[in-house]
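Every chain is numbered from 1, with letters handed out A, B, ... down the list of sequences.
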Amino acid sequence: MIAEVIVDIAAYPIDKPFDYVVPKEMEDIVEPGVRVKVPFGNRKLLGFITEIKDESDLNIVKLKQIEEILDITPVLTKEMLEMADWMKNHVLCFEIDALFAMLPSALKAKYERVIRLKDRSRLVDSEAQALFEKREAIPLHDVTSMKLLSILKKYSEEGIIEVETIVKQKTSVKKERILTIQSETEISKLLSLLSPQAKKQKELMDWMIGHAGEILSAKYVLESTGVQPAVLNAVIEKGAAITSMEEVYRDPNIVDLGDHSVPFQVTEEQAKVMDALMKEKDQPATFLLHGVTGSGKTEIYLQMIQDVISRGKEAIVLVPEISLTPQMNSRFKSRFGDLVAVMHSGLSAGEKYDEWRKIQRGEVKVVVGARSAIFAPFTNLGVIILDEEHESTYKQDDTPRYHARDIAIWRSQYYSCPVILGSATPSLESYARASKGVYRLLTMKERANHHPLPAVHVVDMRDELKNGNRSMFSVDLADAVRKRLERKEQIVLFLNKRGYSSFVLCRDCGTTVQCPNCDISLTYHRASEVLRCHYCGHEEHVPTNCPECSSEHIRFFGTGTQKVEEEVSKLFPGARVLRMDVDTTRQKGAHEAILKDFGDGKADILLGTQMIAKGLDFPNITLVGVLTADTTLNLSDFRAAEKTFQLLTQVSGRAGRHDKPGEVFIQTYSPEHYAIQHAKNHSYEPFYRQEMMARKQYEYPPFYYLTLIQFSHEDLMKVSEYAGKTVEWLRQRLSDQSAVIGPTAAAISRVNNRYRYQCLIKYKKEIGLTETLQQLIKMYRTEWLKTGLYMTIDMDPSTIM
DNA sequence: AGCACGCCGACT
DNA sequence: GTCGGCGTGCTC
C-alpha cells in the first residue's frame, strides 16, 4: 500500500505529492486526510495523506516508509482536499499553505531536534558525560556552548549519539482530573481509620460524604473546600475517590450582554425575503441581501439558520471580526445556545482548537466567526452567511490570498446550499453581479421598527477654518454634543483614522520624522513616548530638535484618538468619555467590557476608530459625529470612494435605531464629493450608478479583473529591472484584451530597507492567465529568487496601494 | 525550506 | 596540511 503525502514545506519543487510505503500495521488506519510523520531527506516532517493507492510510479525500493500516524480520524475531509486542489490554482499558493489555512493552528507541527544517546560507554568527554548524566536525550536547543557542540558533532559521526527530529502538535487536547466520589459507607469506613491529627483530611472526607457518588473535577473540589492539593491527593490515595483524566473544552467565556433573543414577528419586507430564500433553500444559489442599517438582516439570518438546523443541517456565519461585534455574538448564543461555536482572533490557539473539534465532532450546528471560519469542518452545510459582505477583512492579505466569499460559493456548490451575502452597502462587485442576475438580489428598504433613518448634516470644515474655528469640532457638532449631554443621551464620535495617525512635524522647515528603513513617517505613541514605524517596527525617541534644521518648533501633529479625547474634555468638561481604539482594546475581552460599560450608560461619549462603525446597537445613541470624513477619500486607491461611502453609511446607522430619533454630523473638507453626498441621503443606488461610471471609465472592477504583482529588493535598480522584465514578459504572452500597467514604484516605495515596485494586470477574460502566472512563478523561484528578489502575486487585491 | 556535498582561501 | 566559506542540487 502506497500513500501520497503533501509535506510541510512551502517551496516550489516540493509542492507536489510524495509517495511513501504504508507499513502493514498501519494499513487499517491510514486514509486521506490524516496527518503523518514522514522521513524527508535527512529530517522528519509532518505531512498530509492525500491519496491511498496500490502502486507507485517510482521504484518501490527507493520509497521510504511512513514513520507515524498522528491522527486516528482524518483532520481533513474529502471536501477539503478537493478544495485545496482548487484553491492552489485559484489563488496561486502552495498546496500545503491551502491545507493549513483550513485547520486550526494547533494542528501545525512544532519541530524539535533532540540528541539521543546511543552508546554511553563511549562517552569519554566529561562535559558530554555531565550533559547525559540523568537523561538519554536532550533538546539540541539546550546546547549553546560551541565547544560542546563540536564534540557532539564528532560523536554523531561516530554513532555514539544521534540527532532526531521530534514532530509535535502545537497545542493539544486539554485534560482535567475528574474524581468519582465513593459511597457514603465507604468514606465513613475510611474516616474511622483516619489518624486524629489529619484534620484537613477529615474535613475533606466530611465534605465528600455530602457529595457521595458524584463525579466532579478535581479543580472544583479544591475550590469548594479550599484544601491544599496534597490533602486531596492523600484522601484519594486512601481510596475516598477514583480519579481519571478526561478531555475538556477550554471555555472562551462569552459575555452575555443580557440580550435574550427570541424570534421576532417579521415585517412584510422580511417575510418576502424569507419566502425567496425558502424557495431555493437547497439550491447552490448566492443571494445578495441588501438591507438598510436596522432593517433586521440579523433576524433573517437567525430564522434561516433555525430552518437549516431543523432540517439537520449546519450553518456558517461570517462576521468581519467577531470580537468587534459582541452584540451579534451574544444574540446567536442566546438563540441557539450550545449549538453555536465561535471562532475569532481573540481566542487562544487552544480555544480555537477546542471550538474546531466541537464542529468536527458534530457537537455544534452553527459557527459564528471571522474569515477563517469559512473552513469550518462541517459535512452537511445548509447555509453560509457573510454579514457585511463588502468588508475587506474577508480577503486574506498574505498567502494563501483567498477571499472568503469565493470559498463560500465553492462550498455552497459542493453542498448545494445557498450563500447569503448581507450588507447595507454591498460591494460594487456583488451588486453588479446581482444586477446581472448572477446573484439573486433581495432588498429591504425599511428599518424593522419603522423608525426613520437619521438626519445627516454635512459640515464644510473649510468654512469653519474661515470663521476662525481651528478646533476639530465644528460649531454645529459641538452644539449638538452639548444638547445630548444635557438630555442625557449618548454620543458616538468617529475618527476616520486610517493613514492619519499622529506624526512629528517641524513647524519651521516642514520636515516629518521618517523611518530610516522605510519610506514612511514614524507614528507618535504617547503612552510610551516613542516614535514607531508600523511597517518594520523601528522605534526611536521623540527628538527635541528637528533633525534637519535643528529648530525647537517640532511637535507631534495629527489627530489620534488620544488627542481628540483631550479636546473633548476641554470642550465638554464633565462629559464621561470611553475611548475605543487599538490601544484600549489590546487586552482580551476589552472590546466587550467597553461596549458593556457604554451600554450600561457609564459614559456619555464613545470615541473610536473603524472598530466602532459596526454592530453597535444601543437605544440611547442619538448623535453620531464623524470628525474627518476625508481621510479614506484621499487614499490613492480605486476603492477610496466606495470605502468612504460604506463607512459613513455604517456609522450613520448607529444613531437613532430605537425610539429616539438620531442625528449625524459629517465633517469634511470636500462636502461636494458624491460619496459624501449620497451617504448623506442614505442613497445606495445613485452612489452605485455614479461609482460604476467611474470604474468603467478607469477600467477597474467590477468591469475588469485585477491581478497585482509586487516586487521587492534591497537594490533599487534590481527591483525596477525585474519589474520591467516581468511587464515585458507578460505583455508578450497575454492577449491584447488584457492591459499590463506599470512597472511603478509602490505607494510606500521602501519597507525594511527593501525597495518596492509593482505592476497590475487588468483583464476581462484571459484564458491562460493562471498557467502564464505559474510559469512566471517558476521562473522567479528557479532564477530570480537567488538574486534576492521577492515577488508576490495577488489574484484579487483588496487594495492596489 | 534545510541540509549535504563540493571545491577554493587563511589559520593552528 | 585543515577548517570553513557559501554555490548547487536534492528531497518519495
Fill in the blank from the handout: Against the side chain of A/Asn42, the closest entry in B/dC3, B/dA1, C/dC12 is B/dC3
Practice task
Looking at every strand, decide which applies to A/Ile2 at a 4.0 Å heavy-atom threshold: base, sugar-phosphate, or nothing.
Solution key: nothing
Practice task
Could you tell me the separation between the CD atom of A/Glu783 and the C1' atom of C/dT8, rounded to a whole number of Å?
Solution key: 14 Å
Practice task
Inspect the surroundings of CD in A/Glu55 and state if more than 12 heavy atoms from other residues, nucleotides or ligands are less than 6.0 Å away.
Solution key: no
Practice task
Round to a whole Å and report the spacing from OH of A/Tyr111 to C1' of B/dC3.
Solution key: 15 Å
Completion exercise
To the nearest angstrom, the CZ-P distance between A/Phe94 and B/dA1 comes to 7 Å
Exercise for the section: Answer yes if the ring centres of A/Phe40 and A/Tyr20 are under 6.0 angstrom apart, and no otherwise. Expected result: no
Practice task
Taking the six-membered ring for Trp and the single ring otherwise, decide whether the centroids of A/Phe375 and A/Tyr402 are under 6.0 Å apart.
Solution key: yes
Problem - Distance, rounded to the nearest Å, where A/Tyr12 contributes OH and C/dT11 contributes P - result: 15 Å
Exercise for the section: Using atom CZ of A/Phe40 as one end and atom P of B/dC3 as the other, report the distance to the nearest whole Å. Expected result: 13 Å
Exercise for the section: Return the value, rounded to whole Å, for the distance between atom CZ of A/Arg781 and atom C1' of B/dA1. Expected result: 9 Å
Practice task
Mind telling me whether A/Phe48 and A/Phe100 have parallel, tilted or perpendicular rings, with 30° and 60° as the class edges?
Solution key: perpendicular
Practice task
Figure out the CD1/C1' separation between A/Ile14 and C/dG9, and round it to whole Å.
Solution key: 11 Å
Practice task
Tell me whether the OP1 or OP2 atom of C/dC12 has a side-chain N or O from A/Lys64 closer than 4.0 Å.
Solution key: yes
Problem - Check: A/Arg43 side chain, B/dA1 base, donor-acceptor under 3.5 Å - result: yes
Exercise for the section: Under 4.0 Å between any heavy atoms, over every strand shown, what does A/Pro17 touch: base, sugar-phosphate, or nothing? Just pick one. Expected result: nothing
Exercise for the section: Name the nucleic acid region contacted by A/Tyr20, choosing base, sugar-phosphate or nothing; use a 4.0 angstrom heavy-atom cut-off, strictly under. Expected result: sugar-phosphate
Handout entry: A/Leu785 CG - C/dG7 P separation (whole Å)
Key = 14 Å
Practice task
Return the orientation label for the A/Trp784 and A/Tyr722 ring planes: parallel under 30°, perpendicular over 60°, tilted otherwise.
Solution key: tilted
